[in-house]
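Below is one structure. I have some questions about it.
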Amino acid sequence: GVNYTLIRPKEVEAKLFEQTPHFLLGELEKIEIPAILIFGEFSPYFSQKLIKQISRLNKRIDIRVMKGAGHFIPMEAPELIAEIINEDKI
């Protein structure tokens, strides 16, 4: 497997992950320009329910679910992320 180094102490990282979906919804609602939100199919933090909620929350957000990917998509598939960013030139 891949080894990751946490930037913050593990307790702080855990707290951030606990709060992310709730914090995220309020912030995503404020987006006023087209945006792409990329989730990994196997991310333990973003359920199908949450993804549908985000989709209803803001129609400017293009949600992409990457098949076979986990939570750390930029580390797992950097070429794919670059391709998505370059295709739309956001």
Are Asn58 and Leu28 close enough, and set up right, to give a side chain to side chain contact (heavy atoms under 4.5 Å, CB included), and what steps lead you there? CA-CA 7 Å; Asn58 191 331; Leu28 291 177; 5.6 Å; no

Between CZ on residue Arg60 and CD on residue Glu29, distance to nearest 0.5 Å: 10.0 Å

Is any side-chain heavy atom of Ile36 closer than 4.5 Å to one of Ile61? no

If you take all heavy atoms of Gly70 and Glu76, which pair is closest and at what distance?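 So the minimum-distance heavy-atom pair works out to N-OE1, 2.7 Å.
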
Taking side chain as C-beta onward, heavy atoms only, is Leu37 less than 4.5 Å from Arg64? no

As an exercise, state the distance from CD1 of Ile81 to CD1 of Ile38, rounded to the nearest 0.5 Å. 3.5 Å

Within a strict 4.5 Å, meaning less than it, do heavy atoms of the Leu25 and Leu50 side chains meet?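 Yes, at least one pair of side-chain atoms sits under 4.5 Å.
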
Verify side chain to side chain contact (heavy atoms under 4.5 Å, CB included) between Ile84 and Met66, making sure each step is shown before the conclusion. CA-CA 11 Å; Ile84 291 170; Met66 299 292 103; 3.7 Å; yes

Between atom NE2 of His71 and atom CZ of Phe39, what is the distance when rounded to the nearest 0.5 Å?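 These two atoms lie 10.0 Å from each other.
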
Look at the side chain of Glu41 and the backbone N and O of Ala69, then say whether any donor-acceptor pair between them is shorter than 3.5 Å. no

Start with the C-alpha distance between Ile54 and Ile63, add both sets of side-chain angles, then the distance that settles side chain to side chain contact (heavy atoms under 4.5 Å, CB included), and finish with yes or no. CA-CA 8 Å; Ile54 292 168; Ile63 298 175; 3.8 Å; yes

